[in-house]
Amino acid sequence: MLKNSNPLNILFWNIALAACWHVLVFIACVRLPRRFFNSERKRYQPRQWEKGGRWYKDHLKIQLWKDKVPQFIAKDGFSKSHITSLSLEYLDEFILETCRGEWMHLTNCLCALVVLIINPFPINFVFAFLILLGNLPFALIQRYNRFRLDTVRRKLIRDMRHAQSRKERATASS
């Protein structure tokens with residue numbers, strides 16, 4: 001498609017394509033029903049090779065760079081830098097947002113395939129690399145954070161069960 005175009009034309013159309021793609025994916029992400037981002041869906045479930053999130057720490061050293069990348073926080077959104085509540089509802093909402101963010105960034109990575117096809121070599125690899133660089137790290141951060149949030153969530157549920165159990169024992173002994 002752009003294989004015989006001049007460099008300025010190629011630059012313009014790639015920027016326009018990437019911008020339109022990202023805006024459309026963002027709109028879809030906001031409008032898709034919440035159930036689409038349910039962490040119980042197979043696409044969001046942990047893979048065995050991820051080893052509970054340890055793979056990201058051991059191989060990507062994600063804990064060293066994840067807080068250095070910019071983040072987008074929508075109105076009333078979630079900051080990845082800290083948890084502001086330890087309620088089950090808050091953690092469930094935060095986990096849903098990590099699924100939403102992961103889906104959005106991975107879907108944006110598909111734009112790199114289109115760019116590879118429509119552009120001449122080696123420009124296609126440059127633009128595809130830039131698109132992946134702008135999305136893949138963020139998708140990985142969302143996945144890694146979900147492992148951490150899920151650990152906090154499981155501990156909260158366990159603590160709630162223990163507290164309920166103690167309360168029931170205390171009521172029974174009274």
Side-chain angles (χ1 to χ4, degrees), residues 1-39 41-51 53-84 93-150:
M1 180 189 250
L2 296 174
K3 303 214 187 254
N4 297 323
S5 297
N6 68 52
L8 198 54
N9 202 22
I10 291 172
L11 179 65
F12 171 79
W13 284 109
N14 277 281
I15 291 172
L17 170 69
C20 288
W21 183 288
H22 283 70
V23 166
L24 290 172
V25 168
F26 178 78
I27 291 168
C29 191
V30 171
R31 300 227 172 149
L32 282 168
R34 295 171 60 83
R35 69 181 180 276
F36 190 80
F37 303 109
N38 182 340
S39 64
R41 293 184 68 163
K42 186 175 177 168
R43 73 178 296 137
Y44 304 117
Q45 288 295 300
R47 308 293 191 267
Q48 186 175 352
W49 60 267
E50 291 174 299
K51 297 182 173 145
R54 282 194 325 265
W55 185 88
Y56 297 98
K57 287 176 80 172
D58 296 344
H59 297 289
L60 300 179
K61 306 294 185 213
I62 197 167
Q63 72 281 8
L64 300 176
W65 56 265
K66 75 176 188 68
D67 292 328
K68 292 178 174 60
V69 299
Q71 65 174 321
F72 169 75
I73 304 171
K75 183 181 175 200
D76 300 322
F78 292 92
S79 167
K80 72 176 192 259
S81 59
H82 62 280
I83 294 174
T84 60
E93 187 70 23
F94 205 153
I95 289 169
L96 179 131
E97 289 301 319
T98 65
C99 294
R100 186 187 309 270
E102 179 186 341
W103 179 86
M104 184 179 74
H105 286 294
L106 288 178
T107 303
N108 282 336
C109 286
L110 295 175
C111 184
L113 294 174
V114 175
V115 164
L116 279 173
I117 294 167
I118 67 169
N119 284 294
F121 177 82
I123 293 171
N124 57 351
F125 285 103
V126 172
F127 284 116
F129 174 76
L130 291 173
I131 289 168
L132 292 174
L133 182 65
N135 285 287
L136 199 53
F138 298 95
L140 296 173
I141 290 168
Q142 296 300 323
R143 247 186 121 67
Y144 174 72
N145 283 341
R146 192 162 52 254
F147 283 109
R148 296 171 61 214
L149 289 166
D150 194 48

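Only a predicted model underlies this, so the values are computations on that prediction, with no experimental measurement involved. Nothing fancy with the numbering, it's 1 onward along the sequence. Values below: all heavy atoms of this structure, side chains included; hydrogens, waters and symmetry mates excluded.
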R34 meets the salt bridge (charged side-chain N to carboxylate O under 4.0 Å, His left out) criterion, sequence neighbours left out, with E93

Roughly how far apart are L17 CG and I131 CD1, rounded to 0.5 Å?
6.5 Å

Heavy-atom side-chain contact between H22 and N135 under 4.5 Å
yes

Angle between ring planes, F36 versus W103, binned at 30° and 60°: parallel, tilted or perpendicular?
perpendicular

Rounded to the nearest 0.5 Å, what separation is found between the CD1 atom of I15 and the CG atom of L130?
10.0 Å

Please report the closest heavy-atom contact between C99 and N38, naming both atoms and the distance.
SG-C, 4.5 Å

Locate the shortest heavy-atom distance separating W65 from L60; write the atom from each residue and the value.
NE1-O, 2.8 Å

Measuring from E50:CD to F147:CZ, what's the distance to the nearest 0.5 Å?
3.5 Å

Closest heavy-atom pair and its distance - R47, R143:
NH1-NH2, 3.7 Å

Shortest non-hydrogen contact from C29 to M104?
SG-CB, 3.9 Å

Measure across K57 and I62 and return the closest heavy-atom pair with its distance rounded to 0.1 Å.
N-CG2, 4.2 Å

Atom CD1 of I27 and atom CG of L32: how far apart are they, to the nearest 0.5 Å?
11.5 Å

For E102, which of R146, R41, R43 qualifies under salt bridge (charged side-chain N to carboxylate O under 4.0 Å, His left out)?
R146

May I ask you to test the P120-I10 pair for a side-chain heavy-atom distance under 4.5 Å?
yes

Distance in Å, N108 CG paired with L110 CG, rounded so as to fall on 0.5 Å steps
8.5 Å

Kindly indicate whether the side chain of F127, heavy atoms from C-beta on, has any atom under 4.5 Å from the side chain of L116.
no

Looking at L8, I want to see if its CG is surrounded by more than 12 non-hydrogen atoms of other residues, nucleotides or ligands under 6.0 Å.
no

Report the distance from atom CH2 of W13 to atom CG of N119, rounding to the nearest 0.5 Å.
12.5 Å

Does any non-hydrogen side-chain atom of V114 lie less than 4.5 Å from one of W21?
yes

Answer yes or no: is there a side-chain heavy-atom contact under 4.5 Å between F138 and P70?
yes

Does a side chain donor of either R148 or N145 reach within less than 3.5 Å of an acceptor in the other side chain?
yes

Would a distance-only check, ignoring hydrogens and angles, find a side-chain to backbone donor-acceptor pair under 3.5 Å from K61 to D58?
yes

By side chain to side chain donor-acceptor pair (under 3.5 Å), which residues pair with N124, not counting sequence neighbours?
none

Parallel, tilted or perpendicular, judged at 30° and 60°: which one describes the rings of H59 and W55?
tilted

Distance-minimising heavy-atom pair for C111 and A18:
SG-CA, 4.1 Å

Near Q45 CD, under 6.0 Å, is it more than 12 heavy atoms from other residues, nucleotides or ligands?
yes

